[in-house]
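A quick write-up on the structure given underneath.
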Amino acid sequence: MLAAYAAAAFADDPLSALRVGELEPPPTPEGWVEVTVRASALNHHDVWALRGVGLPADRLPMVLGCDAAGVTAEGRAVVVHAVLTDPGFTGADATFDPRRSLLSERHPGTHASTVRVPAANLVDLPAGLSFVEAACLPTAWLTAYRMLFTSAGVRPGDTVLVQGAGGGVATALVLLGAHAGLRIWVTSRTPEKGERAVALGADRAFALGERLPERVDAVMETVGAATWSHSVNALRPGGTVVISGATSGAEPSSAELTKIFFKPLRVVGSTMGTRDELAALTRMLVHTGVRPVVDRTLPLAEAADGFAAMLAGELFGKVVFEP
Ligand SMILES: NC(=O)c1ccc[n+]([C@@H]2O[C@H](COP(=O)([O-])OP(=O)(O)OC[C@H]3O[C@@H](n4cnc5c(N)ncnc54)[C@H](OP(=O)(O)O)[C@@H]3O)[C@@H](O)[C@H]2O)c1
């Protein structure tokens with residue numbers, strides 16, 4: 001099968017660890033289903049893997065990719081839920097399983113012509129959503145959905161600051177939040193991306209670290225070290241920062257502990273979402289007409305171009321590969 005995979009790990013030069021070529025398809029474990037991939041979406045997770053984060057050398061080569069939409073052997077159109085629980089896990093929320101993994105961490109991922117997943121990880125693709133659109137949902141969009149609607153404790157009319165504007169998670173936060181009646185403010189490294197976020201439905205855009213006209217009810221944080229102090233300072237007393245990523249680094253110059261307890265704030269970790277939340281997200285898209293922002297669609301054979309654009313910070317929205 002054609003696949004984009006990590007052949008090595010280079011912390012400072014992740015693109016050099018990427019290969020695109022033919023690999024022997026792995027066997028399909030009992031209870032798992034083979035899906036013919038029609039589209040797979042790039043996430044920052046794939047870049048972390050090429051840097052060796054969460055992907056030890058003894059698992060290489062590893063097919064990259066968490067997200068896919070495709071078709072089963074029976075002709076069922078599906079979206080793939082990327083969270084794989086340990087067989088012994090019996091809880092209702094897959095993200096609470098300490099032994100969980102994402103596709104491409106222990107099992108081959110989705111940037112390939114076929115992928116194998118447990119049957120329970122399949123969600124029906126609703127009519128009206130294309131394979132390219134659906135491929136954007138399982139990681140970035142599901143993470144955004146859970147951050148806003150499960151983790152943040154906000155309600156329509158509240159103001160939410162999204163750190164970053166152009167990313168896969170950030171564009172999902174803007175669109176989902178605006179359609180749910182939240183006033184969305186964004187920050188960005190570039191004014192152009194801020195303007196594009198406003199065109200999507202954000203109320204206002206600010207430069208990184210800029211003083212806001214008033215304090216917000218919640219902050220959605222995926223940037224990490226570069227924005228952490230701003231996030232804490234931006235919150236009203238009793239507000240909530242939801243964190244699901246740290247693209248610019250996980251060690252901010254200050255943890256802002258005094259402000260966190262004095263204001264007092266809630267800091268909520270959030271990661272991916274459940275299969276039920278993924279199904280609810282697909283329904284929300286059908287009901288609202290909201291669709292993922294796709295920066296570009298590339299043949300899988302040209303996957304390296306998509307990785308390079310993400311590393312250069314050029315993207316606004318998702319990169320999708322078609323095998
Ligand atoms: N925990 C989870 O389940 C989960 C799920 C999805 C993603 N994540 C994490 O969330 C992060 C974002 O993922 P993604 O796929 O959306 O990545 P992405 O598409 O590459 O987006 C990167 C985002 O970070 C901002 N950004 C990047 N570097 C920055 C810097 N130095 N200073 C300020 N802003 C910066 C960008 O905003 P501008 O370009 O507008 O400035 C953009 O919004 C990644 O770290 C990823 O690993 C975690």
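Atoms within each ligand, like the ligands themselves, are counted from 1 in listed order. As the structure is a prediction and not an experimental result, all values here were calculated from the model.
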Legend entry - Distance filter under 4.0 Å to Ala170 heavy atoms, resulting ligand 1 atoms: 43 (O)

Inset, instruction - Considering heavy atoms of the protein only, find what lies nearest to atom 5 (C) of ligand 1 and give residue, atom and distance to 0.1 Å. - result: Thr143 OG1, 3.1 Å

Inset, instruction - Could you list which atoms of ligand 1 come closer than 4.0 Å to a heavy atom of Gly167? - result: 16 (O), 18 (P), 19 (O), 21 (O), 42 (C), 43 (O)

Legend entry - N/O separation below 3.5 Å, Gly166 to ligand 1: yes

Legend entry - Ring geometry between His107 and Trp32 (parallel below 30°, tilted from 30 to 60°, perpendicular above 60°): tilted

Legend entry - Residues forming a salt bridge (Lys or Arg N to Asp or Glu O under 4.0 Å) with Glu221, sequence neighbours excluded: none

Inset, instruction - Could you tell me whether Asp58 atom CG has more than 12 heavy atoms of other residues or ligands within 6.0 Å of it? - result: yes

Inset, instruction - Work out whether the distance between some heavy atom of Leu315 and some atom of ligand 1 is less than 4.0 Å. - result: no

Legend entry - Protein contact to atom 19 (O) of ligand 1 [nearest heavy atom, distance to 0.1 Å]: Gly168 N, 2.9 Å

Legend entry - Passing option when Arg183 is tested against Asp158, Asp217, Thr159 for side chain to side chain donor-acceptor pair (under 3.5 Å): Thr159

Inset, instruction - Sequence neighbours left out, what pairs pass ring pair (Phe, Tyr, Trp, His ring centres under 6.0 Å) with at least one residue falling in residues 160-193? - result: Trp185-Phe206

Inset, instruction - With heavy atoms of Leu208 as the reference, note each atom of ligand 1 found under 4.0 Å away. - result: 32 (N), 33 (C)

Inset, instruction - Check whether the side chains of Thr114 and Glu34 place a donor and an acceptor atom closer than 3.5 Å, and report yes or no. - result: no

Legend entry - Minimum-distance protein heavy atom relative to atom 24 (O) of ligand 1: Val223 CG2, 3.8 Å

Legend entry - Distance in Å, Leu125 CG paired with Thr282 OG1, rounded so as to fall on 0.5 Å steps: 8.0 Å

Inset, instruction - Would you kindly say whether Arg38 and Thr36 are connected by a side-chain donor-acceptor distance under 3.5 Å? - result: no

Legend entry - Which of the ligand 1 atoms, numbered from 1, are nearer than 4.0 Å to a heavy atom of Lys193: 39 (O), 40 (O)

Legend entry - Check: Thr227 and Val219 side chains under 4.5 Å, non-hydrogen atoms: no

Inset, instruction - List every atom of ligand 1 that sits less than 4.0 Å from any heavy atom of Met272, numbering the atoms from 1 in the order shown and giving each element. - result: 2 (C), 3 (O)

Legend entry - Thr139 neighbourhood, listing ligand 1 atoms whose heavy-atom distance to it stays under 4.0 Å: 5 (C), 6 (C)

Legend entry - Residue Met310 vicinity, atoms of ligand 1 by number, heavy atom under 4.0 Å: 19 (O), 20 (O)

Inset, instruction - Just go through His45, Arg189, Glu192, His44 and tell me whose heavy atom is the nearest to atom 15 (O) of ligand 1. - result: His44

Legend entry - Polar proximity ligand 1 side, Thr247 side, N/O cut 3.5 Å exclusive: yes

Legend entry - Heavy-atom closest contact (Arg19 atom, Ala7 atom, distance): CG-CB, 3.5 Å

Inset, instruction - Would you indicate which of Ser244, Ser188, Ala165, Ser248 comes nearest to atom 1 (N) of ligand 1 when only heavy atoms are counted? - result: Ser244

Inset, instruction - Among all protein heavy atoms, pick the one closest to atom 47 (O) of ligand 1 and tell me residue, atom and distance. - result: Trp48 NE1, 2.9 Å

Legend entry - Protein contact of atom 2 (C) of ligand 1 - nearest heavy atom, named by residue and atom, plus distance: Thr271 OG1, 3.4 Å

Inset, instruction - Would you check if there is a donor-acceptor pair between the side chains of Glu322 and Thr297 at a distance under 3.5 Å? - result: no

Legend entry - Per-atom contacts, ligand 1 versus Val169 - under 4.0 Å to a heavy atom: 6 (C), 7 (C), 13 (O), 16 (O)

